2 protein chains.
Amino acid sequence: MGASKSDHFSEKQNTLATMAKALGHPARIAIIEFLLKTESCICGDIVNELPLAQPTISQHLKELKNADLIKGSVEGNAICYCINEKAMEKLQHYFGNIVNKLEKRKTTCC
Amino acid sequence: MGASKSDHFSEKQNTLATMAKALGHPARIAIIEFLLKTESCICGDIVNELPLAQPTISQHLKELKNADLIKGSVEGNAICYCINEKAMEKLQHYFGNIVNKLEKRKTTCC
DNA sequence: TTAATATATTGCAATATTACGATAAAAAAT
DNA sequence: ATTTTTTATCGTAATATTGCAATATATTAA
């Protein structure tokens, strides 16, 4: 087959997988880190920063946006992309919760 | 092409992308959550828990292991899989750091 | 209006992922 | 030794991702 059976999993699981998947490419990690580094919301400069062609970057931005990890707003004839803070908080909490639960365990396995 | 240009990105970026990619499938999120839920390190029970065939689960486990998100140790004729706490801490800190940096910003964009 | 600038979309080739039946491997139980 | 149990691997089909040239779109500048 090839298609993932997302209907068999919960809404939350699918949302999280979508977010993680969007971060599952070094170029997209690099984009997030670039957006974090630049105080102002830089847009097309990402193309100059990364070793990828403009259409490729545009596609990566689209995927980050679809996963709700970044936001984009029209700013003149350019577009201002920036990190969606809420999404990052969500991820932080998700992994924080996992770490908490693991720490509470008495039994250490493996 | 199709292959990702991982050589153009930093070691850290690639490692993180690999971890995120491994979590980028609902079945693998479900596996992590199942390992978290069961106090003891359940192994083959995952097959009974998820709506996927045994070879598929085995493959997903392999990817989680390759990304260093879980550990597996032989336990009789079964295998005890469990979450790699350090990996989860790494992810928590990564997103925590992003959230911190975003919070410190005066300018709110988008 | 026309040209320039910035970003998105289309189309396509190369490659990777997902899923599973069949089968192998390895230890435990009989 | 044979069977059972548990997990891994192989082979393969269906689908998704990655990357980019070419092109479209949309806004600003001239």
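In what follows, every chain begins at residue 1, and chains take the letters A, B, ... in the order their sequences are listed. All values below were derived from every heavy atom in this structure, side-chain atoms included, with hydrogens, water molecules and symmetry-related copies excluded. The shown structure was predicted, so the numbers you read here are calculated from the model rather than taken from an experiment.
Distance CD1 (I31(B)) to C1' (dA19(C)): 13 Å, rounded to an integer number of Å. Going from atom NZ of K62(A) over to atom C1' of dT9(C) covers 7 Å, rounded to whole Å. The CG atom of N66(A) sits 11 Å away from the P atom of dT17(D) (whole-angstrom rounding).
Along DNA chain D, the nucleotide nearest P55(A) and the nucleotide nearest I79(B) are compared for position; the residue whose nucleotide lies closer to the 5' end is I79(B). Remark on DNA chain C: of its neighbouring residues C80(A) and H60(B), the 5'-side contact belongs to C80(A), judged by nearest-heavy-atom nucleotide. For the pair R28(A) and T56(B), both in contact range of DNA chain D, the more 5′-proximal nearest nucleotide belongs to T56(B).
A donor-acceptor contact under 3.5 Å is formed by the side chain of Q54(B) with the base of dA8(D).
Here the nucleotide nearest the side chain of A78(B), chosen from dT28(D), dT6(D), dC20(C), is dT6(D).
Checked by atom type and distance alone, the side chain of N84(A) pairs as donor or acceptor with a backbone atom of D68(A) at under 3.5 Å.
S58(B) OG to H60(B) NE2: the interatomic distance, rounded to the nearest 0.5 Å, is 10.5 Å.
The pair K37(A)-E49(A) meets the salt-bridge criterion, since a charged nitrogen lies less than 4.0 angstrom from a carboxylate oxygen. Here R28(A) does not pair with E33(A) in a salt bridge; the nearest charged N to carboxylate O distance is not below 4.0 Å.
At the phosphate of dT17(D), OP1 or OP2 sits under 4.0 Å from a side-chain N or O atom of K21(A).
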